[in-house]
Amino acid sequence: MRAARHQSVTVRIDSAIIRSVLKSSQAAPAILGIVIATAAALAFGAAGCGALGSRSGGMVEALSADGGHPFGGAEPVEIPPSARAMGAYLQAEVAAENGDRKRAMEEYENAVKYDPHNAALHVELATLYVRDGRLPDALEQCDEAIALDPAYVRPRLLAAGIDTASGDDKSAIAQYQQVLKLEPANQEAFLFLGTLYAKNGDYKDAEDTFKQLIALDPGSFLGYYYAGRVTTEAQNYPAAETYYKKALDLNPQSQLVLMDMAVLRELENRPKEAIELYQKILQLDPKNDEVRKRLAELYGGDKSVDAAVSRELSRQERLETTPADTRTKIGLLLFERGDFDRAATEFNLVLGSEPKNYRVHYYLGTVYSELGENDRARREFESIPESSGHYVEARLQLAYLNDKRNDYDAAIANLKQALAVKPNDTEIMSYLVGVYQEKKDYPDAIALAQRMVALEPRNDKFHFTLGALYDEDKQKDKSVAEMRKAIELNPSNAPALNYLGYTYAEAGTNLNEAEKLIKRALVIEPDDGYYVDSLGWVYYQKGEYQRAVDQLERAVNLTGSDPTITEHLGDAYRRIGKRLDARHEYQDALKKAQDADQIHRLHDKLAALGGYEQHAEH
C-alpha cells in the first residue's frame with residue numbers, strides 16, 4: 001500500500017468540495033471549525049488505519065515512539081461528530097467520482113448519521129436513493145431536509161419530482177408552488193407546474209404558468225414550446241400556432257417543434273402543410289422512422305374507419321403534455337450539456353412513474369455509459385425488448401460496452417440481434433466486421449464484407465474494407481483487386497490509393513506505379529503521416545535512401561508513436577551509415593511494438609548493429 005511507505009500522509013481538502021457543502025444554511029456553522037480535525041481523521045483512513053474511531057471510547061488511537069500516548073505523547077483527541085460527517089461526506093464524493101455508487105451511498109448514510117441536522121447531506125442521500133430506485137426512502141430524506149430548512153429549494157424540487165413519479169400530483173403541485181414563493185424566478189418549477197396543470201386538464205392555469213415563465217425569460221424556448229402544446233390540447237389552435245412560431249424563431253431547426261406543428265396541421269385537416277413539415281424533418285433526420293410512418297399514412301395507407309380513429313388518437317397522444325415528457329426533455333438538455341448526474345436523476349424519476357418507458361431506459365443507459373457505470377448501463381439496455389423502437393440502438397450500445405472490455409463474442413451476439421431486426425443495415429454490418437476483425441476472425445469478417453459489397457456494389461468504401469480484410473488474411477491478389485475496384489469507383493479514395501501503393505512497396509514490385517498512387521493520395525491529404533511513410537518506403541525500396549530518410553523523418557514527426565514507421569526510419573538511417581541513429585530508432589520502436597513478429601525482428605536488427613539494451617517489456 002502506498003501510504004505504508006511514508007511516515008506521514010498529506011490530505012488536501014478541495015475548496016470546491018467545501019463550497020458545495022456550504023450551500024446549505026445548515027452546513028456552514030458545523031464545518032468551519034472542523035476542517036483540521038477532518039484532515040486528521042481522513043489521514044488515518046488513507047493510511048489504512050481502519051475506522052476513524054475506536055469502538056470503546058470514540059477516540060482516534062495512534063502508537064508513538066515512547067509507547068505511552070498517541071501523537072508522540074499528546075492526549076487522545078476525540079473526533080467530533082461534525083468532523084466524522086465531513087470525513088464521510090468527502091469519502092462519498094471520492095467514491096461517486098470513481099463511479100462507486102454503492103460506497104458513495106454508504107458514506108452519505110454515515111454522514112447523515114453523524115450530522116442528522118445537515119439538510120444538504122439529506123438531499124445528497126435522497127438523490128442517490130432516486131438513482132437506486134428507492135423513491136420512498138428518497139422522499140423521506142427530502143422531508144427531513146425540508147423540516148430542517150424550509151427555505152431550502154433543492155429538497156422541495158426533488159420531493160415534487162418523487163411525488164409526481166408516485167402519482168401524488170396534489171403534493172407535487174403544492175411543492176412547486178412553494179418553490180416559486182421562495183424563488184420566483186425558478187424556471188424548473190414553472191415548467192413542471194405547468195405540465196402538471198395540463199396533465200390534470202387545467203389548461204388555463206397551465207398556459208398562464210408558461211406565460212409567466214415567458215415573461216420572466218422571453219428567450220425561454222421550452223416556455224413557448226409547452227405553451228404551444230397545452231393550447232393544442234385545449235384545442236386553441238391559433239394560440240398554439242403563435243407559441244410554436246415563437247419557439248421556432250428561437251430554434252429554427254427544432255424537430256420537437258416541427259413535429260408538433262406537423263401534427264397540429266393534421267388536426268386542422270391541412271395535410272399538404274403537414275407533409276411539408278414532415279419532409280423538412282426528414283432533411284434534418286433522414287432516419288426518423290416516426291416521420292416516415294406518418295408520411296406513409298398521409299400519402300395513402302389504410303383508409304378504414306378503425307385506422308382513421310387510431311391515427312386520430314395517435315395525434316392526440318403525440319401532443320399530450322405530461323410531467324414525464326417534460327422531465328425527459330429536461331434530462332436530454334442536461335445530457336447535451338454534459339451534466340450526466342442530473343440527467344440520470346431526471347430519467348430515474350420518469351421511470352418511477354413509467355417503468356416501461358423504454359425510450360427513457362435507453363437514455364438512462366446512455367447516461368450511465370457516459371458516467372462509466374457500465375454495469376448499470378448494461379442493465380438498462382438489456383431491459384429494452386425487441387418490440388421497442390430503441391431495441392436496435394440498445395443492442396449497438398451493448399455491443400460497444402462488450403467490445404470495450406474485449407468480450408468479442410458478446411459484442412458479436414449483440415450485433416447479430418440488431419441485424420436480425422435490420423438484416424440489410426450496412427452500418428450495423430460494418431460495426432460487426434470491425435469486431436470480427438478485432439477477434440481476428442477473418443473468414444466471418446470477409447463473408448460479411450462480401451455481403452455488404454453485394455448489397456451496394458458501387459460503394460468504394462465497402463470494396464476498400466473487403467480489400468483490407470483480404471490483405472490481413474494473406475490473400476494479396478484479392479486485396480489488390482478490391483483496392484483497384486475502390487479506386488475505379490472513386491479516384492479520390494485516398495486510403496485506397498495509399499493502401500495499394502504501400503502494398504506494392506512492401507512487396508518491392510510496381511514501385512513506379514506505387515509512387516504515383518501514393519503521391520495522388522498525398523495531394524488529397526498532404527499531412528497524413530502514414531501516406532508520407534508509404535512514400536518514404538517506396539524510395540527505400542528503390543534504393544534512394546536519402547530521399548527515404550527525408551520522408552520518413554517527416555512521417556515520424558507527423559505520427560509520433562507508430563512503431564512501424566519508426567522502424568522504417570531506423571532501416572533508412574542504417575542504409576546511409578547512421579548506425580547510432582538507427583539504433584535509437586529501433587530501441588524506440590521496440591518500446592512501442594505490440595506485434596510479436598516485429599518485436600523479434602527488432603531484436604535481430606539491434607543485435608546486428610551490436611551492443612544494445614533489451615527493453616524490459618520485451
Side-chain angles (χ1 to χ4, degrees), residues 1-3 9-62 70-71 76-132 134 137-149 152 154-155 158 341-342 344-345 371 373:
M1 188 172 177
R2 182 180 299 174
V9 178
T10 301
V11 176
R12 180 178 67 85
I13 299 180
D14 196 318
S15 60
I17 294 177
I18 300 295
R19 286 197 301 274
S20 70
V21 181
L22 292 178
K23 289 179 181 177
S24 169
S25 60
Q26 299 292 327
I31 292 173
L32 291 176
I34 66 169
V35 172
I36 296 175
T38 302
L42 284 178
F44 280 97
C49 295
L52 295 178
S54 68
R55 294 183 180 180
S56 57
M59 301 291 186
V60 175
E61 300 291 343
F71 306 109
V77 177
E78 183 171 0
I79 300 298
S82 53
R84 293 178 185 278
M86 184 62 172
Y89 166 79
L90 292 175
Q91 291 190 57
E93 287 293 287
V94 171
E97 186 70 22
N98 292 331
D100 189 348
R101 296 288 166 182
K102 183 180 178 182
R103 174 70 188 280
M105 190 181 301
E106 290 171 354
E107 293 298 341
Y108 269 119
E109 287 171 340
N110 287 333
V112 167
K113 179 178 70 175
Y114 292 134
D115 190 1
H117 303 297
N118 188 314
L121 293 177
H122 284 285
V123 175
E124 295 298 337
L125 181 56
T127 302
L128 286 179
Y129 282 155
V130 169
R131 295 275 299 276
D132 206 43
R134 295 166 59 180
D137 292 334
L139 186 57
E140 182 181 338
Q141 293 299 319
C142 289
D143 290 341
E144 290 279 354
I146 292 167
L148 288 166
D149 187 353
Y152 192 16
R154 272 191 71 199
L158 189 54
D341 276 304
R342 287 182 63 198
T345 300
L371 287 168
E373 298 181 35

Notebook entry, point to check: Can you tell me if CZ on R342 sees more than 12 non-hydrogen neighbours from other groups inside 6.0 Å?
Noted result: no
Notebook entry, point to check: So how far is it from D137 CG to C142 SG, rounded to the nearest 0.5 Å?
Noted result: 11.0 Å
Next item on the list: Examine the side chains of Y129 and E109 and answer whether a donor and an acceptor come within less than 3.5 Å of each other.
Entry: yes
Item checked: Heavy-atom pair with the smallest gap, counting every atom of A104 and A95 -> N-CB, 3.6 Å
Note to self: Testing the basics here: between A138 and V130, what is the closest heavy-atom pair and its distance to 0.1 Å?
What the structure shows: CB-CG2, 3.6 Å
Item checked: V94 vs D100 side-chain heavy atoms within contact, under 4.5 Å -> no
Next item on the list: Measure the CG-CE distance between N118 and M86 for me, rounded to the nearest 0.5 Å.
Entry: 10.0 Å
Checklist line | CD on E106 to CZ on R101, rounded to 0.5 Å | finding: 14.0 Å
Check: Are any side-chain N or O atoms of H122 and backbone N or O atoms of P116, one a donor and one an acceptor, separated by less than 3.5 Å?
Finding: yes
Next item on the list: Check whether the side chains of E93 and Y108 place a donor and an acceptor atom closer than 3.5 Å, and report yes or no.
Entry: yes
Next item on the list: State the OG1-CG distance between T127 and D132, to the nearest 0.5 angstrom.
Entry: 12.5 Å
Check: Taking all atoms of both residues into account, what is the closest heavy-atom pair of D149 and A119, and its distance?
Finding: CB-CB, 4.1 Å
Check: Do side-chain atoms of D115 reach the backbone of A111 as a donor and acceptor pair under 3.5 angstrom?
Finding: no
Notebook entry, point to check: Do E124 and M105 have side-chain heavy atoms sitting under 4.5 Å apart?
Noted result: no
Checklist line | Closest non-hydrogen atom pair between N110 and A88, with its separation | finding: CB-CB, 4.0 Å
Notebook entry, point to check: Is Q91 close to R103 at the side-chain level, that is, under 4.5 Å between some pair of heavy atoms?
Noted result: yes
Next item on the list: Work out which heavy atom in A344 is nearest to a heavy atom in R131; give both atom names and the distance.
Entry: CB-NE, 3.4 Å
